[in-house]
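Quantities reported herein were computed from a predicted structural model and do not represent experimental measurements.
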There are 2 protein chains.
Amino acid sequence: MSLRYALLALLNVEPMTGYDLHKVFESSVGHVWYAPDSQIYPELRKMEAEGLVRGEDIPWGKKATKRRYHVTPAGTGDFEAWMNSPLEYSRVRDPAHLRAAYLEYAAPEAARAQLQAHIAHHEALLRQWNQKIEEIDTGTSAMLTRRLATLPADQRQRSRAFKRFAYEGLIARAEAEIAWARSGLRLLDELGPEA
Amino acid sequence: MSLRYALLALLNVEPMTGYDLHKVFESSVGHVWYAPDSQIYPELRKMEAEGLVRGEDIPWGKKATKRRYHVTPAGTGDFEAWMNSPLEYSRVRDPAHLRAAYLEYAAPEAARAQLQAHIAHHEALLRQWNQKIEEIDTGTSAMLTRRLATLPADQRQRSRAFKRFAYEGLIARAEAEIAWARSGLRLLDELGPEA
DNA sequence: GCCCACTATCTATGTCCATAGGTATTTGTG
DNA sequence: CACAAATACCTATGGACATAGATAGTGGGC
């Protein structure tokens, strides 16, 4: 149900084609939300049918056209209504911590490898997010720059601050995961080889 | 795909009915993995067809029977193979942080309410997990006690340590989320009412 | 001018999961 | 003993998502 709001948020910045949206999900934003194109195109059509976005065929080359969608006032209203409604927290499904609870069943080397993979995974995320923060601070983020350009000057500081805040949360989480996995490695050392 | 491994992990402790498994998911363990009964019963049948578990009809009252499943050697092998295989990290879908990135579109009171709800949500989780740690330390967890009873004495310390480790990770994450949301509230204070 | 990677869109299949029911028996409580 | 609550198991429907394709035009390099 959140896919459409992720799409509305992105289209709010600037009109895009389904292909563009898919590329955005594949890149940076993909670590907050992701969708394959096979989900994006039908959702856009549904949203257009509901009047939340409107697509227009724009020429592409000499024979072809592509469909670029922009948000309608109804779409903006829907998005803001969602933003102002309480967020429902769905049930957790957490394979990493499910495994951790039963790590005794894994071979010690496998347990170690998994914790190291956990660290590597979150370190990679951390690098990306730190880079995002860097881009926000230095104004080198193309997406954010375009978004700021659509806002009145007095709101830009606000927008920038919220964007930074979101990434800070992701960074804090990644750091917590890394610290936890490191403590797991220490635990394996302490417990030594299994009996 | 992880549901069956969650089921195998639980059935490894002791044979249970589908109803029992569902109750376990509804309670404590449900914060690592959850499944509705409408998913559990069919999955158990599939697993039995594949030879991972075996169910036996045991009498219940005077007319009825219930079906209790236990893990077969093939099931144990499958579970251990999974535990020793690398965990694949699926794409993230994170409604809370998606919203945070666009918090400027929310009314300030709504933004504040959401951050407070985020804090309340994770504080509730925190309480449950701290209680779990307490139960592990004091030996008052029925599930863990039964599991420990199935293990040789020299492995109990190990099992207890891993279980504690898993909950420590969940606690660390919840604390990070709370700290982040609190910093968001401070940010709202600093930015003041919107223009 | 040919080839190839990219852009752009679409369909089809299957799994996972949420939600909402249904039925029958048993067990505990007043 | 009646009755409610819990136990036990089941089906049906629909949405969300993964995966794996198909098709067709475009743009750039050799």
Colleague: Measure from CD on A/E88 to C1' on C/dA18 and round the result to the nearest Å.
Modeller: 12 Å

Colleague: Examine distances only and state if a side-chain atom of A/N130 and a backbone atom of A/R127 form a donor-acceptor pair shorter than 3.5 Å.
Modeller: no

Colleague: Ignoring hydrogens and angles, does a donor from either the side chain of A/T17 or the base of C/dT7 sit under 3.5 Å from an acceptor on the other?
Modeller: no

Colleague: Name the residue closer to the 5' end of DNA chain D, choosing between B/Y41 and A/E43 according to the nucleotide with the nearest heavy atom.
Modeller: B/Y41

Colleague: Side chain of B/Y34 only, please: which of D/dA16, C/dA18, D/dA18 is the nearest?
Modeller: C/dA18

Colleague: Between B/L44 (CG) and D/dA8 (P), how many Å, whole number?
Modeller: 13 Å

Colleague: Just by distance, no angles: are the side chains of B/H22 and B/Y41 close enough, under 3.5 Å, to form a donor-acceptor pair?
Modeller: no

Colleague: Are any of B/K63's side-chain N or O atoms less than 4.0 Å away from OP1 or OP2 of C/dT26?
Modeller: no

Colleague: Are the side chains of A/P86 and B/Q114 in contact, using a 4.5 Å heavy-atom criterion?
Modeller: no

Colleague: Has A/R93 got a side-chain N or O lying under 4.0 Å from the OP1 or OP2 atom of C/dC17?
Modeller: yes

Colleague: Roughly, in whole Å, what's the span from NZ in B/K62 to C1' in C/dT25?
Modeller: 12 Å

Colleague: With respect to the side chain of B/Q39, which nucleotide from C/dC16, D/dT7, D/dA18 is positioned closest?
Modeller: C/dC16

Colleague: What's the closest nucleotide to the B/D37 side chain, out of D/dC9, C/dT26, D/dT26?
Modeller: D/dC9

Colleague: Figure out the CZ/C1' separation between B/F25 and C/dC17, and round it to whole Å.
Modeller: 13 Å

Colleague: Identify whether any heavy atom of B/S38 sits under 4.0 Å from a base atom; if not, whether one sits that close to sugar-phosphate; answer base, sugar-phosphate or nothing.
Modeller: base

Colleague: Measure the distance from CD on A/E50 to C1' on D/dG15 and round it to the nearest whole Å.
Modeller: 13 Å

Colleague: Within the 4.0 Å heavy-atom criterion, would you say B/D20 contacts the bases, only the backbone, or no part of the nucleic acid?
Modeller: sugar-phosphate

Colleague: Applying a 4.0 Å non-hydrogen cut-off, can you work out what B/R4 is touching in the nucleic acid: base, sugar-phosphate, or nothing?
Modeller: nothing

Colleague: With respect to A/E177, which candidate in A/H121, A/E123, A/H97, A/R182 satisfies the side-chain contact (heavy atoms from CB on, under 4.5 Å) definition?
Modeller: A/H97

Colleague: Please state how far atom CG in A/D94 lies from atom C1' in C/dC17, giving the value in whole angstrom units.
Modeller: 17 Å

Colleague: D/dC9 phosphate, OP1 or OP2: any side-chain N/O from B/Y19 under 4.0 angstrom?
Modeller: no

Colleague: On DNA chain D, nearest-nucleotide positions of A/P36 versus B/P42: which is more 5'?
Modeller: B/P42

Colleague: Cationic tip of A/R99 within the cone over B/W82's six-membered ring, i.e. under 6.0 Å and within 45° of the normal?
Modeller: yes

Colleague: Without decimals, in angstroms, what is the distance between A/M16 CE and C/dA8 C1'?
Modeller: 15 Å

Colleague: How many whole angstroms separate atom NE2 of B/H22 from atom P of C/dC17?
Modeller: 14 Å

Colleague: Hey, does the side chain of B/R45 come within less than 4.0 Å of D/dC9's phosphate (OP1/OP2), counting only N and O?
Modeller: no

Colleague: Closer than 4.0 Å, any side-chain N/O of B/R67 to the OP1 or OP2 of D/dC10?
Modeller: no

Colleague: Check whether the side chains of B/T140 and B/E135 place a donor and an acceptor atom closer than 3.5 Å, and report yes or no.
Modeller: no

